[in-house]
Amino acid sequence: MADSPRKSDNAFRTISELAADLGVPQHILRYWETRFPQLRPLQRAGNRRYYRPADVELAKRIHRLLNQEGYTIRGVQQLLSADSGRGEEAAAAPAAPQGDSLAGELRAIRKMLADALDA
């Protein structure tokens, strides 16, 4: 089955397909399911797992955090919990500027809003 046609990005993936994409054994994905409640693939008859596109993205993110960025399981759990608490948009937003630049940006926004109200 070499060179089989690539599935659509919106297609569901089996555990073997996802494991092959990530380069990890299937038991690692099953372990992640026990550690990360956000990773919940559909399970059909015989406990066959089908990963939705959102599950695939989450598995890729977990893999990147653990294997490339050096997070621990506990660290990824805390990061995902914090992200789910504040929403995906906030998780994808860049970090806020620190110190004086933040105060300057807030003043500029306040001035812009005041000018808009005056107009």
Side-chain angles (χ1 to χ4, degrees):
M1 219 161 120
D3 292 337
S4 63
R6 178 147 167 77
K7 278 189 170 182
S8 163
D9 288 339
N10 294 329
F12 285 28
R13 303 269 192 268
T14 63
I15 192 168
S16 60
E17 291 169 335
L18 183 56
D21 285 350
L22 295 177
V24 299
Q26 294 178 22
H27 72 269
I28 297 295
L29 292 172
R30 287 187 212 99
Y31 174 73
W32 289 352
E33 290 172 24
T34 68
R35 295 292 173 226
F36 304 105
Q38 300 89 342
L39 185 60
R40 286 286 167 241
L42 296 175
Q43 288 190 333
R44 299 286 184 203
N47 283 335
R48 187 168 171 95
R49 290 166 168 80
Y50 290 97
Y51 291 86
R52 294 167 281 228
D55 295 322
V56 171
E57 290 305 313
L58 180 59
K60 287 179 180 179
R61 182 175 181 204
I62 291 169
H63 183 261
R64 180 179 45 81
L65 290 169
L66 290 171
N67 297 309
Q68 294 174 356
E69 296 187 20
Y71 279 82
T72 62
I73 293 283
R74 185 74 183 131
V76 175
Q77 287 171 335
Q78 291 174 347
L79 185 66
L80 293 177
S81 292
D83 287 352
S84 66
R86 56 180 199 193
E88 289 301 319
E89 296 83 27
Q98 299 296 318
D100 293 334
S101 63
L102 177 60
E105 283 190 42
L106 289 174
R107 283 190 203 97
I109 292 170
R110 183 175 60 193
K111 183 180 181 335
M112 192 170 44
L113 290 172
D115 291 345
L117 286 173
D118 290 340

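Numbers for residues simply follow the sequence, beginning at 1. All values below were derived from every heavy atom in this structure, side-chain atoms included, with hydrogens, water molecules and symmetry-related copies excluded.
- Looking only at side-chain heavy atoms (C-beta outward), Leu79 and Glu69 stay at 4.5 Å or farther from each other.
- The pair Arg49-Asp55 fails the salt-bridge criterion, with no side-chain N (NZ, NE, NH1 or NH2) lying under 4.0 Å from an Asp/Glu carboxylate O.
- For the pair Leu39/Leu80, no side-chain contact is recorded, criterion being any heavy-atom separation below 4.5 Å from C-beta on.
- Between the CZ atom of Arg30 and the CD1 atom of Ile15 there is a distance of 4.5 Å, given to the nearest 0.5 Å.
- Of all the heavy atoms in Glu17 and Arg13, the pair that sits closest is OE1-CA, 3.3 Å.
- Atoms OG1 and CZ, on Thr14 and Arg48 in that order, are 5.5 Å from each other to the nearest 0.5 Å.
- Cluster membership check: Leu18 shares its hydrophobic cluster with Leu66, using side-chain heavy-atom separations under 4.5 Å among Ile, Leu, Val, Met, Phe, Trp and Tyr.
- For the pair Phe12 and Arg52, the minimum side-chain heavy-atom distance is below 4.5 Å.
- The distance from atom CD1 of Ile62 to atom CZ of Arg35, rounded to the nearest 0.5 Å, is 12.5 Å.
- Summarising the geometry of Pro25 relative to Ala19, their closest heavy-atom pair is C-CB, 4.2 Å, with the distance given to 0.1 Å.
- Side-chain atoms of Ile73 and Phe36, non-hydrogen and from C-beta on, do get closer than 4.5 Å to each other.
- To the nearest 0.5 angstrom, Lys60 atom NZ is 13.5 Å from Tyr51 atom OH.
- Here the side chain of Arg40 pairs a donor or acceptor atom with the backbone of Glu33 at under 3.5 angstrom.
- Taken from CG in Leu65 to OG1 in Thr72, the straight-line distance is 10.5 Å, to the nearest 0.5 Å.
- Hydrophobic clustering, with ILVMFWY side chains joined whenever heavy atoms are under 4.5 angstrom apart, groups Leu58 together with Tyr31.
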